[in-house]
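Input: a single structure, listed below in structure tokens.
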Amino acid sequence: MNPQDAGLPATRHDWTPEEVQALFALPFNDLLFRAQTVHRQFHEPNTVQLSTLLSIKTGACPEDCGYCPQSVRFETGLKKEPLMEVQAVVEAAREAKAGGATRFCMGAAWRSPKDRDLDKVETMVREVKALGLETCMTLGMLKGTQAQRLADAGLDYYNHNLDTSPEYYGKIISTRTYQDRLDTLEHVRASGMKTCCGGIVGMGEAPADRAELLRQLANLPAHPDSVPINNLVQVEGTPLKGGEALDPLDFVRQIAVARIMMPKSAVRLSAGRTAMSDELQALCFLAGANSIFYGDKLLTTENPQNARDRALLARLGISVQGAGPAAEPAHADVDPADVSDGLLTPAGPGCSAGVCG
Ligand code: SAM
Ligand code: DTB
Ligand code: SF4
């Protein structure tokens, strides 16, 4: 049955700038109500997906992305590291799985991988998958043949962000174009891998740029399967250090509008959580975020400690996707019918959030 038949909103790819700006202009409560309504039509509302990140090749990147601590052009004090050995990556993946993550995301500070790098990277994909984890990689721009090699190795997701609007892009990055990003995304879709594509807010962009970023994402030929929304982590030495931070409620609006425009996608509350209060993150979940990066580190910067996240999810009664077969509810207000698909573990005070213990 297609969504229209089921009375669900259609998945659209023809958003106009005016329509998107009208969503952002809604009163906050109306916007969150709409976002939460859409969220409940397409997703289990009290479940979050956990992805753990690992930087498999760190620093010395030739690109000049103004937000990034890994660019060779900025003095950020970051220690560069060559491509990791496969066994060290597998060990980190094993730990991520033991910690409760279901997806392992491997990032490399490359403009684009060399064909010869892909031999080792393909082995990483195969061995991490063999642990029973979903795999994601973000390695920079890909040629069609490279995307196909990764797909053939079994890579589930490829992350490649549009980052901002086409209009603001040139203020942040000069070493590659928006079209380069779109071309890589096209190769990834053609290879059959799932796409993970989002952006960063809080880089000094105008509200119209934030709206346009979401319009670009939603008007892609297929909505990204996963949409990371990053709040800029300001790193000493990068050109964007010292800029004005985004109003936290505008960050929540970004999540809510993403949820409405890309109703079936996982919307990931991504970088920037360390600086967010529990209450702000709770609003992001209410706005439709249903995925987070889980683990003490993002690529090179801090992420909330696992214990803080476990406590937050438990306080909110949010379960973890894929945490194993549903256990006996530990308290009366959890209806077993709500946790019966085997993906969910009931959560709440005094019971497991799927990541506790
Ligand atoms: N080099 C590859 C590329 O740029 O596609 C992959 C790694 S790159 C670090 C992955 C993404 O991390 C970027 O597209 C950007 O959205 C995000 N990112 C990098 N630095 C960030 C920061 N300081 N704050 C928030 N997000 C950041
Ligand atoms: C994404 O959108 N955010 C992640 C992941 N995809 C690769 C990376 C965030 C990086 C934050 C800065 C750092 O830790 O280096
Ligand atoms: Fe390099 Fe990616 Fe950082 Fe840009 S975002 S400098 S491409 S690692």
Side-chain angles (χ1 to χ4, degrees), residues 1-28 30-43 141 144 147 157-170 172 176-201 203 205-230 250-270 284 287-291:
M1 187 189 296
N2 68 39
Q4 290 94 319
D5 293 343
L8 296 173
T11 303
R12 292 181 49 193
H13 300 268
D14 59 353
W15 293 89
T16 66
E18 295 71 29
E19 285 176 312
V20 187
Q21 282 169 18
L23 288 174
F24 274 97
L26 284 170
F28 190 76
D30 291 355
L31 176 61
L32 258 67
F33 180 74
R34 265 186 77 171
Q36 178 63 203
T37 304
V38 169
H39 190 54
R40 281 169 185 267
Q41 288 172 317
F42 289 94
H43 303 273
M141 293 183 285
Y157 289 81
Y158 195 79
N159 167 240
H160 202 64
N161 292 337
L162 290 180
D163 281 339
T164 187
S165 69
E167 295 73 23
Y168 197 62
Y169 191 83
I172 303 295
R176 52 165 199 251
T177 65
Y178 214 75
Q179 189 58 47
D180 289 330
R181 300 300 271 184
L182 294 169
D183 290 347
T184 291
L185 289 168
E186 177 57 40
H187 298 319
V188 173
R189 280 192 303 272
S191 77
M193 285 187 289
K194 293 181 183 149
T195 54
C196 172
C197 182
I200 313 181
V201 295
M203 301 194 293
E205 72 284 339
D209 295 307
R210 291 193 284 276
E212 183 58 22
L213 165 65
L214 295 182
R215 196 176 80 90
Q216 290 286 332
L217 293 168
N219 287 354
L220 287 168
H223 289 174
D225 298 278
S226 173
V227 180
I229 305 292
N230 296 280
D250 283 339
F251 186 81
V252 179
R253 286 189 174 90
Q254 193 75 12
I255 299 263
V257 177
R259 166 50 66 227
I260 293 166
M261 295 177 72
M262 292 169 279
K264 292 183 188 165
S265 306
V267 174
R268 184 174 302 126
L269 167 56
S270 300
C284 291
N290 59 350
S291 173

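This structure is a prediction, so every number in the text was calculated from the model and none was measured.
You'll find the side chain of Pro221 stays beyond 4.5 Å of the side chain of His13, heavy atoms only. Side-chain contact between Met262 and Val267 is absent, with no heavy-atom pair separated by less than 4.5 Å. Within the 4.5 Å cutoff, the side chain of Leu162 has heavy atoms near those of the Leu185 side chain. Residues His160 and Met141 form a side-chain contact, since some pair of their non-hydrogen atoms from C-beta on lies under 4.5 Å apart. For the pair Phe251 and Leu269, the minimum side-chain heavy-atom distance is below 4.5 Å. Side-chain contact check for Leu213 versus Ile200: every heavy-atom pair is 4.5 Å or farther apart.
The heavy-atom pair separating Pro17 from Arg215 by the smallest distance is N-CD, 3.5 Å. Nearest heavy-atom pair, Ala35 versus Arg259, reported as atom, atom and distance to 0.1 Å: O-CG, 3.5 Å. Here the shortest heavy-atom pairing between Val227 and Ser265 reads CG2-CB, 3.9 Å.
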### Query
Are Leu31 and Val252 close enough, and set up right, to give a side chain to side chain contact (heavy atoms under 4.5 Å, CB included), and what steps lead you there?
CA-CA 10 Å; Leu31 176 61; Val252 179; over 6 Å; no
### Task
Determine, step by step, whether Asp180 and Thr184 satisfy the side chain to side chain contact (heavy atoms under 4.5 Å, CB included) criterion, reporting the C-alpha distance in whole Å, the side-chain angles of both residues, the deciding distance to 0.1 Å, and the verdict.
CA-CA 6 Å; Asp180 289 330; Thr184 291; 5.9 Å; no
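In this structure, the separation between CD1 on Ile260 and CZ on Arg34 is 5.0 Å, given to the nearest 0.5 Å. The distance from the OG1 atom of Thr16 to the CD atom of Glu18 is 4.5 Å, given to the nearest 0.5 Å. Rounding to the nearest 0.5 Å gives a distance of 7.5 Å between CD1 of Ile172 and CD of Glu205. Taking CG of Asn159 as the start and CZ of Arg268 as the end, the distance is 7.5 Å to the nearest 0.5 Å. Here the straight-line distance linking atom CG of Asn230 with atom CG of Asp163 works out to 8.0 Å at 0.5 Å rounding. One distance of note links CZ of Arg210 with CZ of Arg253; it measures 10.0 Å at 0.5 Å rounding.
A donor-acceptor distance shorter than 3.5 angstrom exists from the side chain of His43 to the backbone of Pro263, with no hydrogens or angles considered.
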Taking only distance into account, with no hydrogens and no angle test, what donor-acceptor pairs under 3.5 Å do side-chain atoms of residues 187-195 form with protein atoms, sequence neighbours excluded?
residue: Arg189; atom: NH2; partner: Glu186; partner atom: OE1; Å: 2.8
residue: Ser191; atom: OG; partner: Val188; partner atom: O; Å: 2.7
residue: Ser191; atom: OG; partner: Met193; partner atom: N; Å: 3.2

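In the model, Arg176 has a side-chain atom that pairs as donor or acceptor with a side-chain atom of Tyr169 under 3.5 Å. For the residue pair Asp250/Gln254, the side-chain donor-acceptor check at 3.5 Å is not satisfied.
Scored by the side chain to side chain contact (heavy atoms under 4.5 Å, CB included) test, Thr37 finds Phe33 as partners (sequence neighbours excluded).
Of the residues Asp30, Leu214, Val257, the one that meets the side chain to side chain contact (heavy atoms under 4.5 Å, CB included) test with Leu23 is Val257.
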